[in-house]
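All remarks here apply to the structure that follows.
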Amino acid sequence: MANATRSEKLDLRLTPEAKRVLNAAAQASRRSVSEFVLESALDRAQEALPDRQHFGLDAARWKAFLAALDAPSRPLPRLQRLLTEPSVFEPAPTE
């Protein structure tokens with residue numbers, strides 16, 4: 001990817017403190033801020049993605065996984081209560 005032509009742009013709004021930290025880190029890494037931010041963001045993206053893109057299961061676990069997906073739902077009273085009772089953040093009803 002180092003040789004790929006960069007044709008896309010990404011704009012960021014940040015605090016003066018965040019900019020100062022990024023400048024210092026880029027300087028310490030002997031990179032431009034743009035290079036430092038891009039490399040750091042791509043590294044973090046690569047850490048975040050693998051378990052959300054692919055996962056492997058052997059035949060027995062795959063069968064159990066499919067059975068769990070196909071199983072009927074079970075009652076979850078606490079979830080039902082959470083979704084039906086007014087939130088503590090909602091104003092109390094006025095009478």
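Atoms considered below: every heavy atom in the structure, side chains included; atoms not considered: hydrogens, waters and symmetry mates.
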### Task
Find out if a path of hydrophobic residues (ILVMFWY) with successive side-chain heavy-atom gaps under 4.5 Å connects Leu42 to Leu10.
no
### Qualifying residues under side-chain contact (heavy atoms from CB on, under 4.5 Å), relative to Ala18, sequence neighbours excluded
Leu14, Thr15
### Query
Excluding sequence neighbours, so at least two apart, what forms salt bridge (charged side-chain N to carboxylate O under 4.0 Å, His left out) with Glu8?
none
### Message
Give me each pair satisfying ring-ring contact (aromatic ring centres under 6.0 Å, His included) with a member in residues 22-42, each pair once, sequence neighbours excluded.
### Response
none
Counting only pairs under 3.5 Å, give me each side-chain donor-acceptor contact of residues 20-31, with atom names and distances, residues two or more places apart or in other chains.
{"residue": "Arg20", "atom": "NE", "partner": "Glu17", "partner atom": "OE1", "Å": "3.2"}
{"residue": "Arg20", "atom": "NH2", "partner": "Glu17", "partner atom": "OE2", "Å": "2.8"}
{"residue": "Asn23", "atom": "ND2", "partner": "Lys19", "partner atom": "O", "Å": "3.2"}
{"residue": "Ser29", "atom": "OG", "partner": "Ala25", "partner atom": "O", "Å": "3.0"}
{"residue": "Arg31", "atom": "NE", "partner": "Glu39", "partner atom": "OE1", "Å": "2.6"}
{"residue": "Arg31", "atom": "NE", "partner": "Glu39", "partner atom": "OE2", "Å": "3.1"}
{"residue": "Arg31", "atom": "NH1", "partner": "Ser29", "partner atom": "O", "Å": "3.2"}

Could you pull out every donor-acceptor pair under 3.5 Å between side chains of residues 71-80 and any protein atom, sequence neighbours left out?
none

### Query
Under the salt bridge (charged side-chain N to carboxylate O under 4.0 Å, His left out) rule, what pairs show up with a residue in residues 54-68, not counting sequence neighbours?
none
### Query
Can you hop from Trp62 to Leu69 via hydrophobic side chains spaced under 4.5 Å?
yes
